[in-house]
Amino acid sequence: AQSTRSILGFPALVNEVAARVVAGGVVTMCVVYLFSGSGWVLLALAYGFIARVAAGPRFSPLGRLAVEVIVPRLQVAALIVPGPPKRFAQAIGATLSTVAAVAHLAGHAEVAFALIAAITGAALLESALGFCLGCTIFGWLIRAGLIPEDTCAACGDLSQHPAFSD
């Protein structure tokens with residue numbers, strides 16, 4: 001039997017192409033919510049973010065679709081990036097989408113709409129431009145000393161990574 005530690009956990013290194021495909025799926029789900037107002041979409045969105053924070057793509061249907069189906073068919077070279085900033089970005093998405101789902105269920109659709117619009121913008125930046133807003137915030141927090149540098153040993157020289165430079 002696998003231990004909980006081997007089942008859960010985010011990868012130390014992530015394929016940026018897969019991350020961008022997942023972000024495209026997030027944009028799609030957000031747009032569906034923004035036009036339909038369906039709480040089910042919010043629940044699926046929040047679950048996906050939470051699953052990716054907990055275990056990378058392992059328990060995320062969108063993550064698995066990206067890693068196992070879409071990215072292999074794209075026939076593009078993998079671009080490997082550090083995992084901790086991506087996990088941080090997923091955690092922001094998990095927080096915002098969970099609060100949006102709760103707000104929606106509590107009858108505060110305007111709050112849910114605003115939060116999902118914010119997620120849509122960030123996911124669109126990631127998907128279309130390869131700019132990870134959560135990764136940038138992660139870099140700022142490391143530079144401010146609020147996240148220890150050893151949290152992201154794979155990040156290497158942070159000044160050389162686009163998300164962490166001025």
Side-chain angles (χ1 to χ4, degrees), residues 2-31 44-101 115-166:
Q2 287 185 314
S3 71
T4 302
R5 177 166 235 155
S6 67
I7 293 173
L8 298 179
F10 200 86
L13 299 172
V14 173
N15 181 349
E16 176 72 14
V17 176
R20 290 179 71 175
V21 169
V22 168
V26 167
V27 169
T28 302
M29 292 176 74
C30 288
V31 168
L45 186 66
Y47 167 78
F49 276 118
I50 292 166
R52 289 187 297 278
V53 169
R58 182 177 303 218
F59 300 118
S60 163
L62 183 54
R64 293 193 64 144
L65 178 66
V67 170
E68 297 173 10
V69 178
I70 297 172
V71 171
R73 286 169 175 73
L74 293 177
Q75 298 181 348
V76 296
L79 174 60
I80 304 303
V81 297
K86 295 294 186 188
R87 186 179 204 181
F88 181 81
Q90 292 294 315
I92 293 171
T95 302
L96 295 179
S97 62
T98 299
V99 172
L115 293 170
I116 297 305
I119 293 171
T120 305
L124 188 58
L125 287 172
E126 171 80 13
S127 179
L129 303 176
F131 177 78
C132 176
L133 182 58
C135 299
T136 299
I137 294 169
F138 184 87
W140 292 340
L141 294 172
I142 285 180
R143 288 173 43 185
L146 298 171
I147 295 177
E149 282 189 45
D150 64 355
T151 300
C152 189
C155 293
D157 182 359
L158 296 178
S159 66
Q160 301 302 311
H161 192 285
F164 302 105
S165 59
D166 290 327

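Here, residue 1 is the first one in the sequence, and each next residue gets the next number.
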Exercise for the section: Calculate, to the nearest 0.5 Å, the distance between atoms CG and CD1 belonging to L141 and I137 respectively. Expected result: 7.5 Å
Handout entry: 4.5 Å side-chain heavy-atom contact, I116 and L45
Key = yes
Exercise for the section: Using modelled atom types only, decide if a donor and an acceptor are shared between the side chain of R20 and the backbone of E126 within a distance under 3.5 Å. Expected result: yes
Practice task
Can you see which heavy atom on P84 is nearest to which on T151, and at what distance?
Solution key: CG-O, 3.6 Å
Handout entry: Distance-minimising heavy-atom pair for C30 and T120
Key = CB-OG1, 2.9 Å
Handout entry: Side-chain donor/acceptor of S127 to backbone N/O of A123, under 3.5 Å
Key = no
Handout entry: Rounded distance (nearest 0.5 Å) linking atom CD1 of I147 with atom CH2 of W140
Key = 12.5 Å
Problem - Approximate separation, where rounding is to 0.5 Å, of I50 CD1 and T95 OG1 - result: 8.5 Å
Completion exercise
Tightest non-hydrogen contact, residues V71 and V21, listed as CG2-CG2, 3.9 Å
Problem - F138 CZ to L146 CG distance, which is reported to the nearest 0.5 Å - result: 11.5 Å
Practice task
Would you mind reporting whether T98 and F49 have side-chain heavy atoms less than 4.5 Å apart?
Solution key: no
Exercise for the section: Compare every heavy atom of K86 with every heavy atom of C132, then report the nearest pair and how far apart it is. Expected result: CB-NZ, 3.6 Å
Completion exercise
Of all heavy-atom pairs linking I92 and G134, the shortest is CD1-CA, 4.0 Å
Handout entry: Minimum side-chain heavy-atom gap I80-E16 below 4.5 Å
Key = no
Problem - side-chain contact (heavy atoms from CB on, under 4.5 Å) evaluation trace for R52 with L62 - result: CA-CA 9 Å; R52 289 187 297 278; L62 183 54; 4.0 Å; yes
Exercise for the section: For A51, check side chain to side chain contact (heavy atoms under 4.5 Å, CB included) against everything at least two apart and list the hits. Expected result: Y47, F59, S60
Exercise for the section: Please report the shortest heavy-atom distance between L13 and P82, naming the atom on each side. Expected result: CD2-CA, 4.2 Å
Completion exercise
Between the CD atom in Q90 and the SG atom in C135, the distance rounded to the nearest 0.5 Å is 9.0 Å
Exercise for the section: Can you measure from CD1 (I119) to CG (L124) and round to the nearest 0.5 angstrom? Expected result: 13.5 Å
